Amino acid sequence: MKNRSDTGKISRNAPCPCGSGQKYKHCCLNKSSSTRQSDLQYAKRHRIRIKTPEQIEGIRRAGQLVIETLDLVAPHIRPGVTTDEINAMVHDFTVRHGAVPAPLNYRGFPKSVCISINEVICHGIPGDRPFKDGDIVNVDVTSILNSYYADASKTFFVGTPGADAQKIVNVSQQCLAEGMAVVRPGNTVGDIGHAIQSYAEGQGCSVVREFVGHGVGVDFHEAPQIPHYGKPGSGVRLVPGMVFTIEPMINLGKKELVVLEDGWTAITKDGSLSAQFEQTLMVTESGVESLTPYPL
Ligand code: MF3
Ligand code: CO
Ligand code: CO
């Protein structure tokens, strides 16, 4: 298809010259290049890396591997299987695909994946504990492929879940959906937090404050931070090309946590169940695209 008319005008259906991969009419047609320049400067002031089309493609490929890894382990989350066995599967699959498991040796983390069961909020260290019927299990995979990072997690049921388990897993999954639904240029980080907090608290659950979503892609944890609570319109404004995670940790009881002696394992202070879903997301011209997509 020809992209420019004889007058030199870019046709509305042509790929946008900014390299976004979108049609011109859905991208820069109604936006002056000075708008784009001020978005880039705004991000820079906040130490946020706006990703290039090449970086996005690299993160998307890493994200595809992360999703395949979650799909690989899913059928093995059953009674009697240990978290060390899942760790070995994640490690071997990642390395066989030419990637590196980002958690391994990250700030001293000793394993290749985080596995967090029941009252464990996050950063559970794999070990010899076997899954038992009724457990809920979060598996959080971050892989580095060609030096690009992608980060995603899901919470699985072991065998038959009880009513409490079903409730907290459903609420935390919907929290990720609620957060994603407000990701678009012009909205803010506070809009994401507010959408998640109001849904979770409306369901009688609570939002963990100590751990937040984060920019990701070139490093494991980049700016900005994405709290899963907040006020509408507050915080950093979202700009096309930002890549970050949303990863709400939602407790059935109170929001307070305790970190165990191992320096990693975070558990609910009241012993209540906690669940989490995480995806790596990109702000597009019109909304959001997941680089670690799975149905919610
Ligand atoms: N994947 C976690 C996150 O979502 C971070 C784990 S850090 C580790 O940000 F060291 F525990 F692996
Ligand atoms: Co993360
Ligand atoms: Co993660």
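Only a predicted model underlies this, so the values are computations on that prediction, with no experimental measurement involved. All values below were derived from every heavy atom in this structure, side-chain atoms included, with hydrogens, water molecules and symmetry-related copies excluded. Read the numbers this way: they start at 1 and go in the same order the structure lists the ligands and their atoms.
For ligand 1, the polar-atom distance check against D140 finds a nitrogen or oxygen pair separated by under 3.5 Å.
By the 6.0 Å and 45° rule, R78 does not stack over the aromatic ring of F131. Both cation-pi conditions hold for R209 and Y229: the charged atom is under 6.0 angstrom from the six-membered ring centre and inside a 45 degree cone around its axis.
Proximity of F211 to ligand 1, defined as any heavy-atom pair under 4.0 Å, is not found for any part of the residue. Contacts of R107 with ligand 1, taken as heavy-atom pairs under 4.0 Å, are absent altogether.
When L104, D151, T142, V141 are checked for heavy-atom proximity to atom 3 (C) of ligand 1, D151 turns out nearest. Among P103, C114, A266, the residue whose heavy atom lies nearest to atom 11 (F) of ligand 1 is C114.
Relative ring orientation between F220 and H214 is described as perpendicular, the plane-to-plane angle rising above 60° on a 0-90° scale split at 30° and 60°.
Here H214 reaches the Co ion (ligand 2): one of its N/O/S atoms is less than 2.8 Å from the metal. For D140, every N, O or S atom stays at 2.8 Å or more from the Co ion (ligand 2).
Screening T142, T245, V66 for a side chain to side chain contact (heavy atoms under 4.5 Å, CB included) involving E278 leaves a single residue, T245. When each of T83, T82, N87 is tested with E85 by the rule side chain to side chain contact (heavy atoms under 4.5 Å, CB included), just one qualifies, namely T82.
Below 4.0 Å from some heavy atom of E278 lie the following atoms of ligand 1, by number and element: 4 (O). Heavy-atom proximity to H221, at under 4.0 Å, picks out these atoms of ligand 1: 3 (C), 5 (C), 9 (O).
Annotation: Y106 is not in aromatic contact with H123 [ring centroid separation under 6.0 Å not met].
Distances shorter than 4.0 angstrom occur between a heavy atom of H214 and an atom of ligand 1.
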Verdict with reasoning, F211 to H228, per ring-ring contact (aromatic ring centres under 6.0 Å, His included): CA-CA 9 Å; F211 302 104; H228 305 108; over 10 Å; no
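When OE1 of E278 and OD1 of D151 are joined through the Co ion (ligand 3), the resulting angle is 90° to the nearest 10°.
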